[in-house]
Amino acid sequence: MAASFASLPTFNFVNSSTIPRKRIDSYCSKKPLEVRCCSGGVSGNTQRGTLSSLKECAFSLALSVGLVAAAVPSMASPPNAYAAANPAVAEVSVLISGPPIKDPGALLRYALPIDNKAIREVQKPLEDITDSLKIAGVKALDSVERNVRQANRSLQQGKSVIVAGFAESKKDDGNEMIEKLEAGMQEMLQIVEDRKRDAVAPKQKEILQYVGGIEEDMVDGFPYEVPEEYRSMPLLKGRATVDMKVKIKDNPNLEHCVFRIVLDGYNAPVTAGNFVDLVERHFYDGMEIQRSDGFVVQTGDPEGPAEGFIDPSTEKMRTVPLEIMVTGKKTPFYGSTLEELGLYKAQVMLPFNAFGTMAMAREEFENDSGSSQVFWLLKESELTPSNSNILDGRYAVFGYVTQNEDFLADLKVGDVIESIQVVSGLDNLANPSYKIAG
């Protein structure tokens, strides 16, 4: 029987007043009223889904109560009686480290399988512009200028190392990206000089796209072999981008929205490949949102008794293993949670840090039971703060919503996925089963 979070006490995980909303662009259409920020609320207990689990939710609840009810020692504090009396906190506290990266684009850039310090030294100050913009008024521009000048110095000093890091087949594109990056940084300095604060964030996004392009041009093919038992499954050997168009019901302000999602096969090739294959089968087209409780948005449970995709060629439910890539490792772990492996200090390459983190749902006590049900985490909640998220290492993250992610909070049970379409990266899908009869 599928387990869910429904039996837990009600929490207002997502508060509309705390979610920064982006403007509606061409990806979301609205009716003649201005779109309001909707909290999404907490829905009833009739929603379906295999996102486990009562056990882990109780763990989360106990953790959150412990964090609220007791004075938690700092990370610098030595182990003491508190940890002994609160084993749940003792187990996960080691996962908390440093300020989290919450931007989905930044998470995807840092998750690329490259080892080129020179480009990372260019990237970091440009990413830091986000923090610089937290300074009020035009004073932020002085900090932005320092960020850009630091990035430009790093680029000039490390350009030869960056160029040497390009894959042979991608050198021309890489050099073109460098030229665009250099021009973009000069344009940013002009924006600063003209004191046009509102123009900084769009230009930063553009510049970082060039950085991401440079880094992708350093990836030479797929970097490792998937374990033999999974090699015949649909595998995403690289990245793909999909657009998910959702018809919004019972919302006078919003008719539909298109969510752009980047799927990362470098770090979750089996999980992402399974999803892309299902997308090409139009498995999700016409399917309703089946859960939206302020904690997650979930779909993928087909009609009928089966809780996943029934492969016509076998007449059995196709499942994928739990797949977790850890920072510093060359291949993912399969079949076990990081907790089961004793890797309490490990950091995952694709963390549950961003609003709209996409992951595979599964049965409570069956790590390898994921099939077609997927969920998007709504951040941040009381139970899942970034970098102390007990979902990391327990569920397979395989992508992030990169456009219109904030509107996930407005989706409700019964809203309809009109379509999911692959817009790029389909050529990275190996062993596609949708091309086989059935």
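In this text, all values refer to a predicted model and were calculated from it rather than measured experimentally. For the numbers below, each heavy atom of this structure counts, side chains included, while hydrogens, waters and symmetry mates do not.
Counted by atom type alone, Gln403 and Asp243 present zero donor-acceptor pairs between their side chains at under 3.5 Å. Asn147 and Ser132 form a side-chain donor-acceptor contact under 3.5 Å, judged by distance and modelled atom types alone. In this model, no donor atom of one side chain and acceptor atom of the other lie less than 3.5 Å apart for Ser424 and Arg239.
For the pair Ser292 and Val297, the tightest heavy-atom approach, listed with the atom from each and the gap, is OG-CG2, 3.9 Å. The minimum heavy-atom distance between Lys102 and Ala354, with the atom names listed, is O-CB, 3.2 Å. Closest approach of Pro269 and Asn267 over heavy atoms only: CD-C, 3.7 Å. The two residues Asn404 and Val258 make their nearest non-hydrogen contact at ND2-O, 3.0 Å. When all heavy atoms are compared, the tightest approach of Phe352 to Asp392 is N-OD1, 2.7 Å. Closest of all the heavy-atom pairs between Phe398 and Ala359 is CE2-C, 3.6 Å.
Rounded to the nearest 0.5 Å, atoms CG (Leu322) and CZ (Phe333) are 11.5 Å apart. Interatomic distance, OG of Ser336 versus CG of Leu341, reported as 4.5 Å (0.5 Å rounding). With rounding to the nearest 0.5 angstrom, the CG atom of Leu108 is 7.5 Å from the CG atom of Leu350. Note that CG of Asp406 and CZ of Phe259 are 9.5 Å apart. Values are rounded to the nearest 0.5 Å. The CE atom of Met188 lies 9.0 Å from the CD atom of Glu206; values are rounded to the nearest 0.5 Å. How far CG of Leu208 is from CD1 of Ile129: 7.0 Å, rounded to the nearest 0.5 Å.
Residues Leu377 and Met358 are not in side-chain contact: their nearest non-hydrogen atoms beyond the backbone lie 4.5 Å or more apart. Here the side chains of Leu429 and Leu235 are not in contact, with every heavy-atom distance at 4.5 Å or above. Taking the side chain as every heavy atom from C-beta outward, Glu405 and Tyr400 never approach each other to under 4.5 Å. Between Ile191 and Arg197, the closest side-chain pair of non-hydrogen atoms is not below 4.5 Å. You'll find the side chain of Ile114 reaches within 4.5 Å of the side chain of Ile119, heavy atoms only. Side-chain contact between Pro234 and Pro432 is absent, with no heavy-atom pair separated by less than 4.5 Å. Considering only heavy atoms from C-beta on, Val374 comes within 4.5 Å of Thr299 through its side chain. The closest side-chain heavy-atom distance from Arg281 to Ser433 is below 4.5 Å.
Using a cut-off of 4.0 Å between Lys/Arg side-chain N and Asp/Glu carboxylate O, Lys170 and Asp172 are scored as not salt-bridged. Contact check on Lys247 versus Glu418 returns no salt bridge, with no Lys/Arg side-chain nitrogen under 4.0 Å from an Asp/Glu carboxylate oxygen. Remark: Glu339 engages Arg394 in a salt bridge, criterion side-chain N to carboxylate O under 4.0 Å. For the pair Glu215 and Arg120, the salt-bridge criterion is met [side-chain N within less than 4.0 Å of a carboxylate O]. Look at Arg231 and Glu225 and you find a salt bridge, because one of the NZ, NE, NH1 or NH2 atoms lies within 4.0 Å of a carboxylate O, short of that distance.
No side-chain donor-acceptor contact under 3.5 Å links Ser419 to the backbone of Asp285. A donor-acceptor pair under 3.5 Å is absent between the side-chain atoms of Thr402 and the main chain of Ile261, judged by distance alone. Judged purely by atom type and a 3.5 angstrom limit, Thr271 has no side-chain atom pairing as donor or acceptor with the backbone of Ala396. Checking side-chain atoms of Ser372 against main-chain N and O of Gly300 turns up a donor-acceptor pair under 3.5 Å. Although no hydrogens or angles enter the test, the distance criterion places no donor-acceptor pair under 3.5 Å between the side chain of Asn251 and the main chain of Asp410. A donor-acceptor distance shorter than 3.5 angstrom exists from the side chain of Asn175 to the backbone of Lys171, with no hydrogens or angles considered.
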- Message: Run Thr130 and Asp103 through side-chain contact (heavy atoms from CB on, under 4.5 Å) and show every step you take.
- Response: CA-CA 9 Å; Thr130 301; Asp103 177 71; over 6 Å; no
- Item | side-chain contact (heavy atoms from CB on, under 4.5 Å) between Val422 and Glu280, intermediate numbers included | CA-CA 8 Å; Val422 180; Glu280 288 300 297; 3.3 Å; yes
- Message: Checking Ile420 against Phe283 for the side-chain contact (heavy atoms from CB on, under 4.5 Å) test, could you report, in this order, the C-alpha distance in whole Å, the side-chain angles of both residues, the deciding distance, and whether it holds?
- Response: CA-CA 9 Å; Ile420 306 181; Phe283 176 85; over 6 Å; no
- Assess whether side-chain contact (heavy atoms from CB on, under 4.5 Å) is satisfied between Thr241 and Arg260, documenting all intermediate values. CA-CA 7 Å; Thr241 300; Arg260 176 148 290 188; 3.7 Å; yes
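Gln373 pairs in a side chain to side chain donor-acceptor pair (under 3.5 Å) with only one of the listed residues (Gln290, Glu307, Arg291, Gln298), which is Gln298.
Listed by first then second residue, pairs satisfying salt bridge (Lys or Arg N to Asp or Glu O under 4.0 Å) with a partner in residues 310-331 read Asp277-Arg318, not counting sequence neighbours. The salt bridge (Lys or Arg N to Asp or Glu O under 4.0 Å) pairs that include a residue from residues 123-132 are Arg109-Glu127, Lys124-Asp128, Asp131-Lys134, where partners are two or more places apart or lie in different chains.
No more than 12 heavy atoms of other residues, nucleotides or ligands shown are found within 6.0 angstrom of CD on Glu228.
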Quick one: side chains of residues 157-167, donor-acceptor pairs under 3.5 Å with protein atoms, not counting sequence neighbours, listed by atom name and distance.
| unit_1 | atom_1 | unit_2 | atom_2 | d |
| --- | --- | --- | --- | --- |
| Lys159 | NZ | Glu182 | OE2 | 2.6 |

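Remark: Tyr284 engages Phe275 in a ring-ring contact (aromatic ring centres under 6.0 Å, His included) (not counting sequence neighbours). Applying the ring-ring contact (aromatic ring centres under 6.0 Å, His included) rule to Phe222 yields the partners Tyr224; only residues at least two apart in sequence or on another chain are considered. Listed by chain and number, the residues in a ring-ring contact (aromatic ring centres under 6.0 Å, His included) with Tyr230 are Tyr334 (sequence neighbours excluded).
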